[in-house]
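Chain naming here is simple, since letters A, B, ... match the order of the sequence lines and numbering starts at 1 in each.
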Amino acid sequence: MTSVKELSKRKDIFCAGHRACSGCAPAITMRQVTLAADTNLVAGLSTGCMEVVSSIYPYTAWRSSFIHNAFENVAATISGVEAAYRVLKRKGKLSANYKFIAFGGDGGTYDIGLQSLSGAMERGHQMLYLCYDNQGYMNTGIQRSSSTPFGAATSTTPAGVKIPGKQQFQKDLTEIMVAHNLAYVAQASIGYYRDLNKKVEKALAAPGPSFINVLSCCHRGWRIDPADSLKYSKLGVDTCLWPLYEVEDGVYKLSMKPREKLPLEEWLKGQGRFNHLFKPENADMLKKFQEYVDKKWERLLWKCGEGKEKTKEAGK
Amino acid sequence: MAKRLSTKRLALTGNEAVAEAFKQVNPDVAAVFPITPQTELMHKFAEYVNDGKVDTELIAVESEHSAMSAAVGAAAGGVRAITATSANGLALMWEILYIAAGMRLPIVMALVNRSLGGPLNIHCDHGDAMGARDAGWIHIYSENTQEAYDNTLQAFRIAEHREVMLPTMITLDGFIISHTTEVLEILDDETAKSFVGEYKPLTSLLNPDQPVTMGSLALPDYYFEHKRQLVEGMYNAPRVIEQVAKEYYELTGRQYGFLENYRMEDAEAAIVVMGSAAGTTKEVVDSLRDRGVKAGMIKLRVFRPFPHEQLANALSHLNSVAVLDRCISYGAQGGPVFGEVRSAMYGKTIPVHSYIYGLGGRDLTPHMVESAYNDLFEGKSDPRMRYLGLRE
Amino acid sequence: MAKLTEIRWHARGGQGAKTASTFLAEAAIHAGMYSQGFPDYGPERMGAPIRGFTRISDQPIRLHCAIDEPDVVVVLDDTLLDNVDVCEGLPETGIVLINSHKDAATIRSKIKWKGKSLFIVNASGIALEEMGRPIPNTPMLGALAKISETVALDALLEDIQKKFAKKFKAQVVEGNLRSIKRAYEEVRAA
Amino acid sequence: MSKLKGWKDIPIGAIVPHGGTAFDYETGSWRSFRPVHDRDKCIDCLDCWFCCPDNAILAEEGKFKGFDMMHCKGCGICAKVCPPKVGAITMKPESDFRE
C-alpha cells in the first residue's frame with residue numbers, strides 16, 4: 001500500500017477545476033482511486049454527476065484518457081477499449097501498458113447498467129469496475145435507486161403521510177458481484193480512505209476483472225452539511241450498514257471490525273432524508289431497519305469465518 | 001473496361017459474403033450478438049476468428065446495446081471495429097448509434113434488414129434502418145450478395161476517410177439476400193486488403209503521449225457547433241463515395257454510385273426502389289420494354305447522404321414516378337424514400353406516387369411491380385399511399 | 001435469351017431440403033452457371049412442411065422472390081402429398097420428382113397435376129442402404145441431374161465430394177456419392 | 001478559452017485533445033468559507049491533501065505547502081479530517097478576506 005506522503009508526489013489524474021458540489025465525496029473517491037492507479041489509464045464513466053462535472057466541453061478534469069458513452073453502458077464501453085488494447089498489444093502496435101477503470105454511480109451500476117456490468121465481468125475483461133455508491137440518482141435530482149436505503153426520503157419516495165419514504169431494503173450488489181466469481185470484489189467507503197486505497201491497488205493488480213463498491217455520500221441527497229461528507233460515509237461503516245470486506249477467489253475477509261458496533265441511529269440522525277423516521281409513528285421502521293442491518297452483519301461475520309456459534313444459525 | 005484482377009467465383013449467401021469481406025479486412029475488434037437473420041454472418045466470422053484466419057478480438061456481448069457500446073469503446077481506442085445486427089437489435093442500439101456518429105467513430109456495421117414488429121416478425125423490411133436514418137450514419141443498400149460484399153469493402157474506405165469520419169451501415173435484405181446462395185466474385189485477399197488499406201485513427205484513447213477526453217458533455221454553448229460538423233461530414237461523403245466507387249471499379253469492373261439508372265434514357269415512367277427488389281424490378285422493366293412500354297428504373301444505393309440532386313436530374317424527363325418503400329412512415333404522406341424523392345423533385349411538375357410493399361417479408365412478385373408500372377402508364381392518380389401485395 | 005430453370009423443393013423440416021436447394025445452386029455455380037438457392041424461412045421446426053428454391057440460368061439472375069410457377073417440383077417426402085398441393089403453379093409441361101417407394105398409380109392419385117413428366121425414386125431407401133440413414137436429399141440431387149437440365153452428374157459428384165471431404169469421414173462421403181449415382185440410375189418415369 | 005469558437009475551429013467529435021484543461025477553470029469563486037492553515041500545529045500527515053475533493057491543497061516533498069485558492073470551494077472537509085488533536089485548519093468566512 002502506497003502511503004499518503006508517497007501519493008502526494010503523484011500528479012492528480014482527476015484534477016482541480018471540475019464542477020462537483022463543494023464537499024462532494026464522490027469527487028474525493030474519483031481523485032483517490034485514480035491516484036492509486038499510477039500508470040497509463042483509460043477511465044470511463046457512466047452518465048451521472050461525476051461525468052457531467054468532469055468533462056464539460058471544452059474542459060476536462062481528466063489527465064488520463066477518458067471516455068463517456070451513455071448511462072447504462074460504461075462496462076461495455078470499457079470492454080471495447082480493453083479489447084482494442086489487447087489487439088494492439090498482440091499486434092505489437094502499442095508498447096505502453098494501460099489499466100482500465102469503469103466508474104459508475106449506483107444508478108448506472110445497480111440499476112440501468114447492471115446488464116452491461118454483468119456481461120463485461122463474465123467475459124473477463126481486465127478492468128476494475130468501481131461503483132461510487134451515493135444511494136440514489138443524485139444527478140437527476142435525488143430519486144430512489146435500488147441502492148437507496150430503507151426509509152429514505154427521495155424525490156420518488158417522499159416521506160409521505162401514507163408512505164413514509166422508501167419501503168424496500170437496498171439491493172446487495174456487492175454480493176451479486178461476488179457471484180460472478182471475479183478475481184477481486186470489495187466493499188469500501190470513502191470514510192475509510194486508506195482502506196479504499198489499499199483495495200484499489202489490489203483490484204488493479206488482480207488477474208482478471210475486479211469490482212469495488214464504494215460508499216460515497218452525496219451531501220445534497222443525504223441532506224447533511226458538506227463538511228460532514230466523510231463523517232457520514234464513515235458512520236455507514238461504523239454502524240455496520242456498510243461493512244468493509246473483500247472477497248478474493250471466493251474467500252471472504254472482513255477488512256475492519258468496528259471496535260464498538262454503533263446503533264444505526266448514529267448514521268441516520270442528522271441526515272435530513274431520514275428525519276421522518278424519528279417521528280413516534282415510524283418507530284417500527286427504525287426497529288425493522290436495525291434488525292435488518294444486524295442480521296446482514298451477522299451473516300457477513302459468518303461468511304468471513306468470524307461468526308459465533310449463534311451466528312452460524314444466522315448464516316443458514 | 002477496367003482492368004480485372006484475379007478474382008474468385010464462389011457460391012455464398014449474403015451473410016457469408018459480408019463475413020468474407022470482414023475476413024479480408026481483418027478488423028481489430030468485432031462486437032457480436034445473435035439476432036435472426038443476421039446470426040449466420042457472425043457465426044461465420046466467429047469461425048474465422050477461432051480458426052485463426054483473422055486476428056480480431058471477438059467480443060460476444062450480452063446485448064446489441066452493449067455491442068454498439070463496445071464498438072464505440074474499441075473505435076475510441078483507435079482500432080477498426082465492426083458489428084452486425086438486424087431489426088430489434090438495431091433498435092436496442094439506437095441510443096448509441098447517435099453517440100457513435102457524434103463521436104465521429106468510423107464503425108462499420110452490417111444491417112441485415114428485418115421488420116421491427118409488432119407483431120413479431122423475423123422477415124425483411126426496411127423499417128429497422130429507416131428508424132435510424134437521422135442518427136448520423138451513412139446508409140448503403142445492397143441489391144444482392146455481390147453488392148453486399150462490394151459495399152462492405154467500400155464502407156471502410158468511406159467511413160474512415162478523414163473528411164467523413166462517420167459510422168457506416170451497409171444493409172442487405174433479411175433472408176432474401178442474407179440466406180440466398182448466389183454467385184459471388186471476390187477479390188483475392190491481398191487486393192482486398194490493399195484496397196481497404198491500413199487503419200490510422202484520427203484520435204485514440206490509447207496514445208500515451210496524448211491523453212484525450214472523448215464523449216464529453218457539450219452544453220448549449222457548443223452542442224450546435226458539433227452537430228454542424230457532423231453535417232459537414234455528410235456533405236463531404238458524396239465525393240468520397242464516388243472516389244471509392246471509382247477505385248473499386250478499376251479493380252473489379254463493377255460500377256457503383258449513388259444511383260443505378262436502368263433503361264432510363266428514353267423512359268417515360270420509372271420506379272425508384274432500394275435493395276433486392278431492384279433485381280425483380282429490372283426483370284419487369286425488360287418484359288415491359290419487350291412489349292414496347294418505355295419503362296425505367298432507378299435503384300437507390302445510398303440513402304444517407306441522400307443524393308437529391310442526382311435523383312432529380314435522373315427523373316426530370318419522366319411523365320411520372322413511383323417510389324417503392326419497404327417501410328411505412330405512419331401518418332406521413334408516403335414511405336420514407338418517397339418523402340425524400342418528392343422533396344428532391346420540388347418545383348417540378350412530375351407526379352410522384354408512393355407504394356408500400358414487402359412488409360414483414362411479404363414477397364414482391366413481378367406481377368406486383370408490373371401493376372405499379374401499369375398505374376403509371378395508365379395515368380392513375382391517387383394522392384394516398386398504395387400497397388403492393390396487400391389483401392384488402 | 002436467358003435459359004432459366006426454377007426448381008421448388010418440398011420436404012419436412014430436417015430432411016435437408018434447404019441443404020439440397022443450396023447444394024444444387026452451389027454445384028451449378030461451380031459448374032460455371034448462375035444460380036440461387038434459398039429456403040422459405042419460418043419458425044417451423046423438425047417435421048413441419050417446408051419449401052426450398054433453386055434457380056439456375058446461363059445469365060445472371062436478378063429476380064429475388066419466391067418461385068410460384070416452377071419448372072420443376074421436387075418432393076422429398078411422399079406423405080406431404082396428402083396435405084400440400086406440391087404442384088401448385090407448375091405448368092403441365094413441367095417436371096415432378098418424388099421420393100417414394102410407392103407405385104406410379106398411387107402417386108398419380110395423390111397429386112392434382114396432369115402433366116406427363118412425373119418421376120419417382122426411392123431416395124430414402126437408397127440412402128438407408130448406402131449410408132445407414134434415410135436422409136433423401138443427396139440422392140434426390142442425383143435423380144434430378146438425370147431428369148432435368150440443371151446440373152450434370154459429374155459436376156454434382158465433384159462438388160459434393162469436395163464439399164463433404166472437408167466435413168465428413170471418407171465413409172460418409174463415399175456413401176453419399178454412391179447414393180447419388182444409384183438414384184441417378186434408379187429414377188423412373190411414372 | 002474565453003471566446004467561443006465556431007464549428008470550423010473545434011476538433012470533430014467533441015473530443016478534448018488535451019488532458020486536464022479543467023485546471024484553467026476557476027472554482028474558487030464558489031467559496032463562502034476559506035480554510036486557514038496554522039503551520040505551527042500542522043504535522044504534515046497530508047490527510048487534508050488526500051481528502052480534498054478539489055485538489056486544492058498543495059503538497060511538496062510530502063509536506064503541506066498551501067491552498068490553491070483558484071480552486072478551493074471552501075467545503076471545510078480539510079478542517080474536518082485534520083486530526084482533532086492537531087486542529088491545524090480552521091474555516092473563516094470568505095467575507096473576512098474581501099474588501
Side-chain angles (χ1 to χ4, degrees), chain A residues 13 19 39-45 47 51-91 93-98 100 102 113 115-123 125, chain B residues 26-31 33 55-81 83 93 95-96 98-100 102-103 105 107 198-199 201 203-219 221-223 225-226:
Chain A
I13 296 295
R19 299 183 213 181
T39 176
N40 289 313
L41 178 73
V42 177
L45 255 168
T47 309
E51 175 262 324
V52 303
V53 303
S54 69
S55 59
I56 302 174
Y57 189 87
Y59 297 98
T60 178
W62 292 89
R63 288 207 178 100
S64 70
S65 281
F66 170 81
I67 183 166
H68 158 252
N69 190 342
F71 193 4
E72 67 283 56
N73 63 355
V74 64
T77 306
I78 293 297
S79 295
V81 190
E82 189 261 0
Y85 171 68
R86 263 186 288 142
V87 76
L88 290 173
K89 286 296 248 191
R90 189 149 48 77
K91 291 180 175 175
K93 290 180 175 177
L94 182 69
S95 54
N97 293 321
Y98 273 88
F100 299 89
Q115 175 183 311
S116 164
L117 166 63
S118 178
M121 295 288 112
E122 182 272 332
R123 291 191 300 272
H125 296 277
Chain B
N26 191 9
D28 299 298
V29 172
F33 191 77
D55 40 16
T56 306
E57 281 289 329
L58 187 91
I59 318 178
V61 286
E62 82 299 330
S63 73
E64 287 91 351
H65 193 282
S66 284
M68 187 47 65
S69 302
V72 163
V79 304
R80 203 171 246 159
T83 184
M93 286 178 181
E95 178 195 24
I96 313 304
Y98 281 72
I99 293 169
M103 287 168 83
L105 299 172
I107 296 162
E198 183 88 357
Y199 180 57
T203 324
S204 168
L205 292 170
L206 297 169
N207 175 2
D209 300 326
Q210 191 188 353
V212 293
T213 284
M214 298 179 85
S216 56
L217 163 73
L219 297 174
D221 61 352
Y222 270 110
Y223 184 84
E225 278 68 27
H226 291 302

- Message: Report which part of A:Asn73 has an atom under 4.5 Å of a heavy atom belonging to chain B: side chain, backbone, both, or neither.
- Response: both

- Task: Can you tell which part of B:Val29 gets under 4.5 Å to a heavy atom of chain A, answering side chain, backbone, both or neither?
- Result: side chain

- Looking only at A:Ser79, A:Ala120, A:Gly119, the option with the highest number of non-hydrogen pairs under 4.5 Å against chain B is A:Gly119

- Item | Any donor-acceptor pair under 3.5 Å from A:Ser54 side chain to A:Ala61 backbone | no

- Item | Side chain to side chain, B:Thr83 and B:Met93, heavy atoms closer than 4.5 Å | yes

- Query: For B:Leu206, is it the side chain, the backbone, both or neither that has a heavy atom under 4.5 Å from a heavy atom of chain A?
  - Reply: both

- Task: Return the orientation label for the B:His226 and B:Tyr222 ring planes: parallel under 30°, perpendicular over 60°, tilted otherwise.
- Result: tilted

- Task: For B:Ser63 and A:Gln115, run side chain to side chain donor-acceptor pair (under 3.5 Å): C-alpha distance rounded to whole Å, both residues' side-chain angles, the deciding distance at 0.1 Å, then the answer.
- Result: CA-CA 9 Å; B:Ser63 73; A:Gln115 175 183 311; 3.2 Å; yes

- Message: Using heavy-atom distances under 4.5 Å, tell me whether A:Ile78 contacts chain B through its side chain, its backbone, both, or neither.
- Response: neither

- Please state whether the side chain, the backbone, both or neither of A:Ser116 comes within less than 4.5 Å of a heavy atom of chain B. both

- Contacting moiety of B:Ile99, where chain A heavy atoms sit under 4.5 Å: side chain

- Task: Return yes if some donor-acceptor pair links the side-chain N/O of A:Lys91 with the main-chain N/O of A:Arg86 below 3.5 Å, else return no.
- Result: no

- Task: For the pair B:Glu198 and A:Lys93, evaluate salt bridge (charged side-chain N to carboxylate O under 4.0 Å, His left out) and give the outcome as yes or no after the intermediate values.
- Result: CA-CA 12 Å; B:Glu198 183 88 357; A:Lys93 290 180 175 177; 3.4 Å; yes

- Can you say whether A:Glu51 sits under 4.5 Å from chain B via the side chain, the backbone, both, or neither, judging by heavy atoms? side chain

- Message: Please identify, among A:Ala83, A:Ser64, A:Ala75, the residue contributing the most non-hydrogen atom pairs under 4.5 Å to chain B.
- Response: A:Ala83

- Please look at A:Ile56 and chain B and tell me whether the side chain, the backbone, both or neither of the residue comes under 4.5 angstrom of a heavy atom of that chain. both

- Task: Applying side-chain contact (heavy atoms from CB on, under 4.5 Å) between A:Tyr98 and each of A:Leu88, A:Val42, A:Thr39, A:Leu41, report the one that passes.
- Result: A:Val42

- Item | Heavy-atom side-chain proximity of B:Glu62 to A:Arg123 below 4.5 angstrom | yes

- Part of B:Ala81 lying under 4.5 Å from any heavy atom of chain A: neither

- Query: Do A:Tyr59 and B:Leu217 come within less than 4.5 Å of each other through their side chains, counting heavy atoms only?
  - Reply: no

- Heavy-atom pair count under 4.5 Å with chain A, highest-scoring of B:Gly77, B:Ala75, B:Pro211: B:Pro211

- Message: Taking side chain as everything from C-beta outward and backbone as N, CA, C, O, which of these in A:Arg63 sits under 4.5 Å from a heavy atom of chain B? Side chain, backbone, both or neither.
- Response: backbone

- Residue from A:Asn40, A:Asn69, A:Thr60 scoring the most non-hydrogen pairs under 4.5 Å with chain B is A:Asn69

